[in-house]
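The basis for the numbers below is simple: all heavy atoms, side chains too, and nothing from hydrogens, waters or symmetry mates. Every number for a ligand or one of its atoms is a count from 1 in the order of the listing.
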Amino acid sequence: MTCLVTGGAGYIGGHTVLALLDAGHQVIVLDDLSTGFRWSVPDPARLIVGDAGDLDLVCRVVRTNKITSILHFAAKTVVPDSFRDPLGYYLTNAVKTQTLLAAAVSENVRNLIFSSTAAVYESSESLVSEDQKADPESPYGRSKYMAECMIKDVGAAYNMRYGILRYFNVAGADPKGRNGQSTKTATHLIKVALETALGKRPCMEIFGNDYPTPDGFAVRDYIHVADLANAHVLALSRLQGGAESFTVNCGYSRGYSVREVVDVVKAVTEIDFEVRLAPRRAGDLASVVANSDRLRSFGWRPRYDELSTIVRHAYQWELELARASRLPDSDSVNTPDATDRPVGGSYNRTM
Ligand code: UFG
């Protein structure tokens, strides 16, 4: 059975493609390469460059390849960006998901896995479970929640089962060094801190130290991208095995403050770097940490759930990018049609 992975040339999609291939699936990636990389789609996966919101294209790809399962990653994903570009976020994350669903229904796709987010929740001092009422605080979170609602309604109306995976803060890189977070304009905490440690940035800022948390810094649940990728393989096999549709949190149920994360980055890299305090960033929640009981009850067993392991793998990838000359002054990093890959970025199941 071949699965279609939209956004499979991106960070989380790319790692999931590796996990799917490792598990013996056949994979077709549909990606417009707006933020993804051609090199991150390894053989034997096949890349089709195109838009997940192109109804005719998706129908044709599904029909031609007899696809019965779609994993939908293609999205805009940066919380603060969504305040500057709400229309772009609603178009990409909500409208194009509606089109993808229309294609899936018309071609009788049986299973859909959807990349959702902890940003659908409001801030919470206790662990958030999937049953907690969604109350997104950013256009990004709202756009993802709209897509969730559509998927649930479509699932109820047609013969399509879905798995909605709500990711907490995804970080780290493939432990075998085949892929990692490669965007040139990163905003995510661990990558920003590592870039600062490596001198790619003169210093970094911490946004807000007056949150109602134990040390005043915002708290998040950081999940290793490889553990998350494996959660997708598990979710897909549940659906393919006939399980009911589900919504599930993807996190470790352990929160770290921004300050604690920066300290771990300094400890792992053994590099001190300048950190400045800055005002709160729009849309940032004080605290959001997963109740992950449901995912664990599916049989998910995380392998990389130490923050220092997440940071170490991310650091190894940053060093790889630096070795491959993908430093900030190199335009090749984020060139949509770049064919160069970092040295480690190839598919090798037996490494
Ligand atoms: N932060 C800093 N300085 C930085 C970058 C981040 O202080 O340079 C802080 C943020 O203010 C926030 C925390 O670090 O408090 C985490 O920020 P990230 O940008 O790494 O991640 P977000 O929590 O904003 O968002 C991420 C994903 C979303 C997802 C969310 C779920 O980008 O897609 O996690 O919690 F919805």
Task: Side-chain H-bond candidate by donor/acceptor type, Thr2 with Asn65, under 3.5 Å - done: no
Task: Flag for Ser292-Arg296: side-chain donor and acceptor within less than 3.5 Å - done: yes
Task: Contact atoms of ligand 1, heavy-atom distance to Ala118 under 4.0 Å - done: 31 (C), 35 (O)
TODO: Write out the residue and atom name of the closest protein heavy atom to atom 20 (O) of ligand 1, then the distance separating them to 0.1 Å.
DONE: Leu189 N, 2.8 Å
Task: ligand 1 contact on Ile190 by region, counting heavy-atom pairs under 4.0 Å - done: neither
TODO: Answer yes or no for Phe217: is there a heavy-atom contact with ligand 1 below 4.0 Å?
DONE: no
Open item on the list: Among all the protein's non-hydrogen atoms, which is closest to atom 15 (O) of ligand 1, and how far away is it?
Closed with: Ala218 CB, 3.2 Å
Task: Heavy-atom nearest neighbour in the protein, as seen from atom 2 (C) of ligand 1, with distance rounded to 0.1 Å - done: Phe207 CD1, 3.4 Å
Task: Protein contact of atom 5 (C) of ligand 1 - nearest heavy atom, named by residue and atom, plus distance - done: Thr187 O, 3.3 Å
Open item on the list: Within the 3.5 Å criterion, strictly below it, is a donor on Gln240 or Ser69 matched to an acceptor on the partner's side chain?
Closed with: yes
Task: atom 36 (F) of ligand 1: nearest protein contact (heavy atom, Å) - done: Thr117 OG1, 2.2 Å
Open item on the list: Looking at ligand 1, is there an atom of it that comes within less than 4.0 Å of some heavy atom belonging to Val258?
Closed with: yes
Task: Which of the ligand 1 atoms, numbered from 1, are nearer than 4.0 Å to a heavy atom of Thr77 - done: 28 (C), 32 (O), 33 (O)
Task: Charged N-O contact under 4.0 Å between Asp31 and Arg38 - done: no
Task: Contact partition for Val192 relative to ligand 1, non-hydrogen atoms under 4.0 Å - done: side chain
TODO: Return yes if some donor-acceptor pair links the side-chain N/O of Arg238 with the main-chain N/O of Ala243 below 3.5 Å, else return no.
DONE: no
TODO: Could you tell me the residue and atom name of the protein heavy atom closest to atom 11 (O) of ligand 1, and the distance to it rounded to 0.1 Å?
DONE: Asp284 OD2, 2.5 Å
TODO: Tell me, yes or no, whether the heavy-atom count around Glu244 atom CD, taken from other residues, nucleotides or ligands under 6.0 Å, exceeds 12.
DONE: no
Open item on the list: Looking at Asp284 and Arg280, is any side-chain nitrogen of the basic one under 4.0 Å from a carboxylate oxygen of the acidic one?
Closed with: no
Open item on the list: For Tyr158, is the OH atom crowded, meaning more than 12 foreign heavy atoms sit under 6.0 Å from it?
Closed with: no
TODO: Look at atom 21 (O) of ligand 1 and say which protein heavy atom is nearest, naming residue and atom and giving the distance to 0.1 Å.
DONE: Asn169 ND2, 3.1 Å
Open item on the list: Tyr252 and side chain to side chain donor-acceptor pair (under 3.5 Å): which single residue from Asp227, Asp305, Asp221 fits?
Closed with: Asp227
TODO: Give the numbers and elements of all ligand 1 atoms closer than 4.0 Å to a heavy atom of Ala119.
DONE: 36 (F)
Task: Joint hydrophobic cluster, Trp300 plus Tyr222, side-chain heavy atoms closer than 4.5 Å - done: yes
Open item on the list: Please state which option from Arg281, His188, Arg220 has its nearest heavy atom closest to atom 17 (O) of ligand 1.
Closed with: Arg281
Task: Nearest neighbour in protein (non-hydrogen) for atom 3 (N) of ligand 1 - done: Glu205 O, 2.7 Å
